[in-house]
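Contents: one structure, followed by commentary.
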Amino acid sequence: MSYMNKNIEEIHEALINKKVTSDKLVKESLKKSHEVQDKYNAFVTILDNQNGGKVTDDLLSGIPFGIKDNYSTKGILSTGSSNTLKNYIPIFNATAVENLYKHGAIPVNKTVLDEFGMGGTGTTGHTGIVHNPWDSTRMTAGSSAGSACAVAAGVYPYALGSDTGDSIRKPAAYCGIVGYKPTYGMISRYGLFPFASSLDTCGVLTRSVKDAAIVTDAMKGIDSKDMTSWDSSNIHLASDLTSDVKGKKLFYIKEIVDKKNYPHMTKELENHLDNFMEVVEKCKSLGMSVEEVSFPKDVLEALPSTYVVISCAEATSNLSNLTGFSFGPRAEGKSWQEELKNFRTTGFSPLIKRRFVIGSYVLQAENQDRYFKNAQRVRRLIVDLMKDAFKKYDALILPVGTGPAKKLETDEQVNTDETAILDEHLQIGNFGGFPSITIPDGFVSDLPVGVNITGNCYDDQDVLNIAYALESAMDYKNQIAKEMK
């Protein structure tokens with residue numbers, strides 16, 4: 001009997017009642033890891049020598065899980081999916097990982113990401129492309145590509161992700177699972193390889209909202225090693241989860257959902273937007289109100305470029321420590337300057353180097369006002385618009401992306417000017433540090449699509465409750481991917 005396709009509570013019950021042992025769960029998960037690796041290339045490292053653990057009353061005890069490879073794991077290869085750290089084995093655990101260990105969770109693999117989280121396709125990791133378990137000719141999105149693929153394929157009930165622009169929530173949508181980015185600072189970032197520190201958020205990918213709540217409860221907490229973390233000890237996401245959401249007020253942004261803004265839309269996009277409006281009606285049937293709100297189009301159109309400027313500037317600064325001297329494979333050269341140049345030139349992929357060039361350019365003294373500081377001003381405008389909306393509404397609800405996962409090899413542009421806002425709006429959650437969750441809400445072209453719910457900072461319970469109620473009203477909970485033939 002397979003257990004890795006069940007939810008956390010079901011697996012825990014089986015462990016407590018001695019229907020299965022932790023060792024058997026680990027063996028099942030490792031076997032599945034190799035099957036998924038052969039088909040979809042989801043892992044950097046598989047911990048074949050891992051054993052089961054002690055089973056206690058803790059829901060996570062003895063249960064396998066996956067860790068995105070930008071989390072520091074003591075004694076375990078941690079590459080950030082980059083050649084610059086291809087042999088790096090840390091001497092400490094990330095706080096989020098350590099917290100899960102304290103709850104008895106058992107790691108079985110490290111998952112592939114876009115290099116250092118800088119990508120939205122799952123194609124730029126140094127070990128190669130991650131394929132979608134629903135259709136291996138399609139992408140998973142990124143950067144939490146391997147985690148999303150593994151959870152969707154039934155390797156384990158949950159895996160860790162990180163989200164800087166949509167890196168948990170879009171892969172979740174493309175893979176038909178749940179992706180949750182909590183309020184910024186709820187989970188310590190200590191030991192998470194930094195990309196853009198003001199945007200980076202630790203989170204989780206699961207197959208149900210309740211599992212996301214259970215895992216986040218175990219990961220979260222104030223941490224003296226991360227000054228941006230905050231005390232959430234009075235928040236109990238799983239135990240306070242409820243589907244009673246009558247009276248909650250939701251809104252969606254007209255400029256993102258209105259079909260008139262997509263004169264060249266594909267049939268998949270049309271079906272995706274129709275599906276979203278059906279979800280809106282489900283929300284109303286649950287006793288919630290949903291209203292259309294208009295945001296300034298020019299501000300929304302500035303979302304993608306604002307994200308690029310801020311994230312690249314912060315990445316340039318954060319990753320300047322990758323020199324090949326302190327850690328990483330040292331490059332050859334006749335001087336230390338030449339060694340440094342060779343390390344960074346040959347170690348990083350073209351995408352990363354382009355982002356470093358952008359980041360360095362916008363941070364130059366003569367360019368800061370025009371680019372970096374202007375991007376910060378636009379970020380503030382967007383956050384203020386959201387804060388004003390949250391004075392009246394409990395949450396924002398929007399479709400994720402332009403439809404199902406994109407083809408890996410296609411002449412069609414993944415993003416166009418026409419659909420850029422629809423593809424990039426999840427960045428709003430990172431600009432404001434807002435809690436945000438994606439859940440599956442149907443299928444388009446026989447592939448999963450998702451809906452996103454974003455709330456005000458510290459209102460994580462409301463966001464999860466809305467998602468939980470909506471999930472309960474649909475038929476896409478605990479989905480295991482079935483690849484099309």
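The chain is numbered in sequence order, starting from 1.
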**OP:** Check whether any side-chain heavy atom of Y180 sits under 4.5 Å from a side-chain heavy atom of I168, and report yes or no.
**Re:**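 A side-chain contact is absent here, since even the closest heavy-atom pair is not under 4.5 Å.
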State the [atom1]-[atom2] distance between [X] and [Y], to the nearest 0.5 angstrom.
{"X": "M227", "Y": "R189", "atom1": "CE", "atom2": "CZ", "result": "8.0 Å"}
{"X": "L396", "Y": "M386", "atom1": "CG", "atom2": "CE", "result": "4.5 Å"}
{"X": "L60", "Y": "K102", "atom1": "CG", "atom2": "NZ", "result": "14.0 Å"}
{"X": "T123", "Y": "H131", "atom1": "OG1", "atom2": "NE2", "result": "10.0 Å"}
{"X": "L205", "Y": "S147", "atom1": "CG", "atom2": "OG", "result": "6.0 Å"}
{"X": "T45", "Y": "L77", "atom1": "OG1", "atom2": "CG", "result": "4.0 Å"}

Can you list the residues that meet the ring-ring contact (aromatic ring centres under 6.0 Å, His included) rule with [X], with sequence neighbours excluded?
{"X": "F65", "value": "Y158"}
{"X": "Y71", "value": "none"}
{"X": "F193", "value": "none"}
{"X": "F92", "value": "Y190"}

Original post:
Taking it one step at a time, do V451 and T438 satisfy side-chain contact (heavy atoms from CB on, under 4.5 Å)?
Top reply: CA-CA 6 Å; V451 63; T438 289; over 6 Å; no
Subject >> Chi angles and distances behind the salt bridge (charged side-chain N to carboxylate O under 4.0 Å, His left out) call for K282, D441 >> reply: CA-CA 11 Å; K282 281 189 174 69; D441 71 337; over 6 Å; no
Selection [range] - residue pairs positive for salt bridge (Lys or Arg N to Asp or Glu O under 4.0 Å), sequence neighbours left out:
{"range": "residues 389-399", "result": "E291-K392, D388-K391"}
{"range": "residues 216-225", "result": "none"}
{"range": "residues 449-463", "result": "K248-D462"}
{"range": "residues 144-163", "result": "D163-R169"}

Subject >> Least distance between heavy atoms, S229 atom then S188 atom >> reply: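 Scanning both residues, the minimum pair turns out to be CB-CA, 4.5 Å.
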Subject >> Shortest non-hydrogen contact from S144 toward K68 >> reply: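 Scanning both residues, the minimum pair turns out to be OG-NZ, 2.9 Å.
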**OP:** Test S233 against D231 for side-chain hydrogen bond (donor to acceptor under 3.5 Å, both in side chains), laying out the working first.
**Re:** CA-CA 6 Å; S233 57; D231 185 4; 2.8 Å; yes
**OP:** Give a yes or no on this: more than 12 heavy atoms of other residues, nucleotides or ligands lie within 6.0 Å of atom NZ of K19.
**Re:**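 Not more than 12 within 6.0 Å, no.
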Ion pair check, [X] and [Y], cut-off under 4.0 Å:
{"X": "K31", "Y": "E28", "answer": "no"}
{"X": "D166", "Y": "K181", "answer": "no"}
{"X": "R380", "Y": "D384", "answer": "yes"}

With sequence neighbours excluded, give me every side-chain hydrogen bond (donor to acceptor under 3.5 Å, both in side chains) pair touching [range].
{"range": "residues 3-16", "value": "E9-K210"}
{"range": "residues 315-325", "value": "S197-N318"}
{"range": "residues 468-478", "value": "none"}

Subject >> Test side-chain hydrogen bond (donor to acceptor under 3.5 Å, both in side chains) applied to N70 and S162, S167, S143, the passing residue >> reply: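 Result for side-chain hydrogen bond (donor to acceptor under 3.5 Å, both in side chains) with N70: S162.
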**OP:** Please step through side-chain hydrogen bond (donor to acceptor under 3.5 Å, both in side chains) for the pair E115 and S81, ending with a clear verdict.
**Re:** CA-CA 5 Å; E115 187 174 4; S81 283; over 6 Å; no
Original post:
Is there a side-chain contact (heavy atoms from CB on, under 4.5 Å) between S436 and N452 once you walk through the steps?
Top reply: CA-CA 7 Å; S436 185; N452 179 261; 3.0 Å; yes
Original post:
When you look at Y174 and N132, which way does the side-chain contact (heavy atoms from CB on, under 4.5 Å) test go after all the steps?
Top reply: CA-CA 8 Å; Y174 278 12; N132 194 304; 4.1 Å; yes
In this structure, is the centre-to-centre distance between the rings of [Y] and [X] below 6.0 Å?
{"X": "Y458", "Y": "W230", "value": "yes"}
{"X": "F443", "Y": "W134", "value": "yes"}
{"X": "Y184", "Y": "F434", "value": "no"}

Original post:
If you look only at pairs with a residue in residues 95-129, which of them pass as a ring-ring contact (aromatic ring centres under 6.0 Å, His included), with sequence neighbours excluded?
Top reply: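 Applying ring-ring contact (aromatic ring centres under 6.0 Å, His included) to every pair that reaches into residues 95-129, excluding sequence neighbours, yields nothing.
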Original post:
Out of I106, L15, V55, I16, which one pairs with S61 under the side-chain contact (heavy atoms from CB on, under 4.5 Å) rule?
Top reply: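 In the set I106, L15, V55, I16, the residue that makes a side-chain contact (heavy atoms from CB on, under 4.5 Å) with S61 is V55.
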Original post:
So, T164 and D200: side-chain donor and acceptor under 3.5 Å apart, yes or no?
Top reply: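 Judged by distance alone, the side chains do pair up.
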